[in-house]
Every structure is written in C-alpha cells, then in structure tokens.
Amino acid sequence: MTDAADQTSPPEEKGAVAEFIEIIKTVAYALGIALVLRVLLFQPFTIPSASMEPNLYQGDYIIVSKFSYGWSKHSIPFSPPIIKGRIFGRAPTRGDIIVFKLPRDNRTDYIKRLIGMPGDKVQVRGGQVFINGKALPQKPLAPALVDTGYGFTQQVQRFEETNPEGRQYATQDFGPDSRGDNTGVYTVPAGCYFFMGDNRDNSADSRFDPGVSPFKDSACKWNYELDQYIGDEVGVGFVPAENLVGRAQIILLSWNAEASLFKPWTWFLNARPSRFFHVLK
C-alpha cells in the first residue's frame with residue numbers, strides 16, 4: 001500500500017504538467033496561424049534604403065499582400081522548392097510597388113516599382129523613361145532637400161510621372177546626366193519584369209547588370225551589350241514572375257533612422273506619425 005502510494009504523482013504535479021502542455025499547444029497553434037497568415041495573406045517589411053523616395057522612406061514599416069499575384073516558393077519562408085511556378089498566378093499591373101526576391105541569390109528582398117511588362121522595350125533618355133518608344137509624361141513638382149547620408153543635404157528635382165495605364169506617382173532625380181539616366185533599349189523577356197526605384201539616381205534596379213555569369217542558366221536572359229551605356233555596376237536585371245512576393249499596400253508605421261529597438265524613448269521621439277496608415281499608389 002505504501003509503495004503504490006509513493007509511485008502516484010501528486011494532483012498538483014499532474015495539474016502543472018497538463019497546464020504546461022496546454023501552453024505549448026497554444027503557442028504552437030498561434031505560431032501555425034501566424035505562419036499561414038504570413039504565407040497566404042499579408043507580410044510586414046521594413047524599408048531599408050532610400051531607393052523608393054519620395055514614396056517610401058527608410059524606416060517605413062509596410063504591409064505587403066501575398067495573394068495579389070498568387071503564390072510561389074518565395075511566398076514561404078526560406079523559399080523551399082516545393083512549388084514550381086505560381087499557384088493561382090495573376091499578372092501584376094504596371095505601376096505596382098512590388099516586393100520580390102533578388103534573382104541573383106533568390107533570398108534578398110527588394111522593393112521597386114514595376115515599369116516594364118513582358119515584351120516591352122524600355123529605355124531611359126536624359127532621366128525620362130520611354131516605353132515602346134513613347135516617353136512617360138513628367139510634370140515638374142516642387143524641388144526638395146534630401147539628406148545624402150554623407151553629412152550634408154542636396155536639392156533634388158521631383159516629378160509626377162504618368163505611365164501608359166494612367167497611373168501617377170512622384171519620382172525623384174538628382175539630374176538628367178546621373179548614372180542610369182541614359183541607357184540602351186531593354187527588351188523585357190517573356191515571363192519577366194522590369195523594375196525601377198522611384199529615387200531614380202539612387203536605385204540599383206533593372207537598368208543594371210544582374211551580376212550573374214552569362215554562362216549560367218537564367219529564366220530572364222540579360223543582354224550584356226547594354227552594360228556599355230551605364231557601366232558594369234551590379235543591380236537587379238530582369239525579374240522572373242516566380243520571384244514576385246507581393247504588392248506593397250500600406251505604410252503602417254514609420255520611424256526615422258535615429259530610432260532604435262534598444263532605446264524605447266526613440267520609438268516616440270523619432271516616430272513619423274504623418275506617414276502612419278498611408279495607402280500606397
């Protein structure tokens with residue numbers, strides 16, 4: 001009788017074990033739901049650079065819809081090769097701001113504006129974009145002073161650009177003869193897209209060499225003769241449809257560069273509330 005009683009766990013211990021198991025299950029369920037939402041619906045991103053100014057600033061915290069163009073392996077964390085092509089794929093619309101995986105490594109997230117569709121011929125002359133031989137109209141806006149990141153500010157010109165679909169958005173330019181302002185003619189391959197940053201003179205994008213060997217198989221073949229116009233700087237090149245992650249929809253929150261996760265007071269002092277809940281176009 002005594003031995004049997006000693007081998008029976010006290011009710012308090014059983015209750016603690018059961019409670020711990022329930023906590024683990026709850027956490028597992030929550031993580032599973034979060035993963036499903038992240039893969040299928042929405043994913044947050046933080047803007048890391050100035051390449052999309054004046055529409056997106058470094059420190060903007062944006063929400064990207066994952067369902068806008070269907071799903072590929074890049075919709076899943078770490079891009080496991082379990083999906084070929086896209087499921088329920090839908091073509092993006094010219095002018096969309098899109099997050100995609102850099103074709104060179106298929107890991108790094110980039111965000112740019114879609115300029116050229118498959119089959120388009122894209123060229124930049126004097127800082128103005130031409131699509132299939134037609135210039136995109138530019139309406140001058142008030143110039144602005146921007147932080148160069150080198151301890152001084154510089155005046156830049158801004159324009160309202162109108163694409164062939166009639167979508168209008170602001171662009172930023174340091175001058176008509178900067179790098180990438182005069183290019184050859186890019187013919188966008190089938191199944192591929194041409195992207196540019198809105199900050200036209202501070203964006204490594206589809207105007208620049210993708211940085212892969214010409215002997216490597218690629219879904220979007222690059223014409224290396226185009227490098228003669230703007231040098232051998234490495235950028236993005238053409239982007240395969242499979243690499244599209246989602247469409248940027250809204251700036252949820254925003255902080256300037258001085259904000260730090262480890263300095264809670266900067267969460268308030270360096271916030272940019274005027275950019276909170278700003279819908280992107």
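Being a predicted model, the structure only gives us computed values, none of them experimental.
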Taking the six-membered ring for Trp, are Y186 and F238 parallel (under 30°), tilted (30 to 60°) or perpendicular (over 60°)? perpendicular
Give the ring-plane orientation class for W71 versus F88, where under 30° counts as parallel, over 60° as perpendicular and anything between as tilted.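 The rings of W71 and F88 stand perpendicular, inter-plane angle above 60°.
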Test applied, side chain to side chain donor-acceptor pair (under 3.5 Å); reference residue, S79; option that passes from R107, K73, H74: H74
Which residue, T162, T93, D96, forms the side chain to side chain donor-acceptor pair (under 3.5 Å) with R167? D96
Do side-chain atoms of [X] reach the backbone of [Y] as a donor and acceptor pair under 3.5 angstrom?
X	Y	result
K66	S75	yes
N199	M52	no
T266	S260	yes
N182	R125	no
D201	S178	no

Testing V64, I63, L252, I62 for side-chain contact (heavy atoms from CB on, under 4.5 Å) with P44, which one passes?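 Per the side-chain contact (heavy atoms from CB on, under 4.5 Å) rule, the option paired with P44 is I63, out of V64, I63, L252, I62.
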Residue pair T183, L226: steps toward the side chain to side chain contact (heavy atoms under 4.5 Å, CB included) verdict: CA-CA 7 Å; T183 73; L226 293 168; over 6 Å; no
Can R275 be said to sit on top of Y57's aromatic six-ring, NZ or CZ under 6.0 Å from centre and within 45° of the ring axis?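 Because its charged atom misses either the 6.0 Å distance or the 45° angle limit, R275 does not stack over Y57.
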Verify the cluster assignment for F159 and V146: are they in a single hydrophobic cluster under the rule of side-chain heavy atoms below 4.5 Å apart? no
Is the shortest side-chain heavy-atom distance between R200 and E161 below 4.5 Å?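 Yes, close enough: below the 4.5 Å cut-off.
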Side chains of S68 and Q249: does their closest heavy-atom pair fall under 4.5 Å?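 They are in contact (side-chain heavy atoms under 4.5 Å apart), so the answer is yes.
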Give, for atom CG of N243 and atom CZ of R86, the distance between the pair rounded to the nearest 0.5 Å.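 Reported to 0.5 Å precision, the distance equals 8.5 Å.
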Distance-minimising heavy-atom pair for S203 and R179: N-NH2, 3.6 Å
